[in-house]
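Each remark here refers to the structure printed beneath this line.
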Amino acid sequence: MTIYLCGFMGCGKSTTGPLLAQKTGLHFTDLDDYIEEKEGMSIPEIFASKGEAYFREKEAQAVKELSAKNSVVACGGGTIINDNSARIARENGTVFFLDIPFEVCYDRIKNDTHRPLVANNTREQLKNIFDTRHDIYLKNSTVTIDADKSPAMICENIINTLKTLQK
């Protein structure tokens, strides 16, 4: 079983993912960390030297590679907006959209210079990106989870949903 966690930057994927992996006995992979390791450079370096299109291609490739493993995968904020990546994830696992208000995400990410979209956009521009992506996350995910809760509660909701889906 592969569980993909998707949502906007700061929604809790990288915090909830390891806890969910521990509770389910699955391996945890942060997709951005996986790509950085494979590419030998940071996400900002990849964006700067090779561009976003190159990064998105590598991201889709990584989703496919990880679909062969039993794991919890914390996707980058843009992973599931790519229809190809979303299709691969849905066909090979369950995609959970961690839905959370923009203000909560923004408070978590506003000072994070490691995120190219944060470093290169104003608050208003990020809100527009959030709004655009929200509908795409809804369309491309299997299940939407209210993630404006503690990581433990989010995990409990995901595990209960998985039990229901497996019946």
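For reference, positions follow the sequence shown, starting with 1.
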Could you tell me if the side chain of [Y] sits less than 4.5 Å from the side chain of [X], heavy atoms only?
X	Y	value
Met153	Asp148	no
Leu162	Thr94	yes
Leu117	Met9	yes
Thr161	Thr144	no

With no hydrogens and no angle check, is any side-chain donor or acceptor of [X] less than 3.5 Å from a backbone partner on [Y]?
X	Y	result
Glu37	Tyr34	no
Thr2	Lys69	yes
Thr79	Cys75	no
Lys64	Ile88	no
Asn140	Ile80	yes
Arg90	Val95	no

> His134 and Phe97: ring pair (Phe, Tyr, Trp, His ring centres under 6.0 Å), yes or no, with the steps?
Replying inline: CA-CA 9 Å; His134 189 270; Phe97 168 33; 5.3 Å; yes

> Centre of Phe8's six-membered ring, under 6.0 Å away, within 45 degrees of the axis: is that where NZ or CZ of Arg133 sits?
Replying inline: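 Not flagged: Arg133 not positioned over aromatic ring of Phe8.
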
> Crowded around Lys58 NZ? As in, over 12 foreign heavy atoms under 6.0 Å?
Replying inline: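 Atom NZ in Lys58 is crowded, with more than 12 foreign heavy atoms closer than 6.0 Å.
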
>> Can you confirm whether more than 12 heavy atoms, excluding those of Glu91, are under 6.0 Å from its CD atom?
In response: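 It does: Glu91 CD has more than 12 such atoms within range.
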
> Is the closest side-chain donor-acceptor distance between Glu36 and Ser42 under 3.5 Å?
Replying inline: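 Ser42 and Glu36 do not have a side-chain donor-acceptor pair below 3.5 Å.
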
>> With no hydrogens and no angle check, just 3.5 Å: does a side-chain donor-acceptor pair link Asn157 and Asp146?
In response: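 No, Asp146 and Asn157 have no side-chain donor paired with an acceptor closer than 3.5 Å.
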
Would you say [Y] ends up clustered with [X] if hydrophobic residues are merged whenever their side chains have heavy atoms under 4.5 Å apart, either directly or through other cluster members?
X	Y	value
Ile154	Val104	no
Val143	Val72	yes
Phe130	Ile81	yes

>> Students often mix this up, so state it plainly: with edges at 30° and 60°, are the rings of Phe47 and Phe55 parallel, tilted or perpendicular?
In response: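 Rings of Phe47 and Phe55: tilted, 30 to 60°.
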
> If you measure from the Lys or Arg side-chain nitrogens to the Asp or Glu carboxylate oxygens, is any gap between Glu124 and Lys127 under 4.0 Å?
Replying inline: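 Answer for the salt bridge query: no.
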
> Salt-bridged, Lys38 to Glu65, with N to O below 4.0 Å?
Replying inline: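 Looking at Glu65 together with Lys38, the answer is yes, because their closest N to O distance falls below 4.0 Å.
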
> Roughly how far apart are Leu20 CG and Thr15 OG1, rounded to 0.5 Å?
Replying inline: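 The CG atom of Leu20 sits 12.5 Å away from the OG1 atom of Thr15.
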
> To the nearest 0.5 Å, what is the distance between OH (Tyr4) and OG1 (Thr29)?
Replying inline: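 The OG1 atom of Thr29 is 9.5 Å from OH of Tyr4, to the nearest 0.5 Å.
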
> Going through the distances and angles, do Tyr54 and Glu39 end up as a side-chain hydrogen bond (donor to acceptor under 3.5 Å, both in side chains)?
Replying inline: CA-CA 11 Å; Tyr54 175 87; Glu39 292 295 306; 2.6 Å; yes

>> Run Asn121 and Ile129 through side-chain contact (heavy atoms from CB on, under 4.5 Å) and show every step you take.
In response: CA-CA 10 Å; Asn121 287 283; Ile129 294 168; 4.1 Å; yes

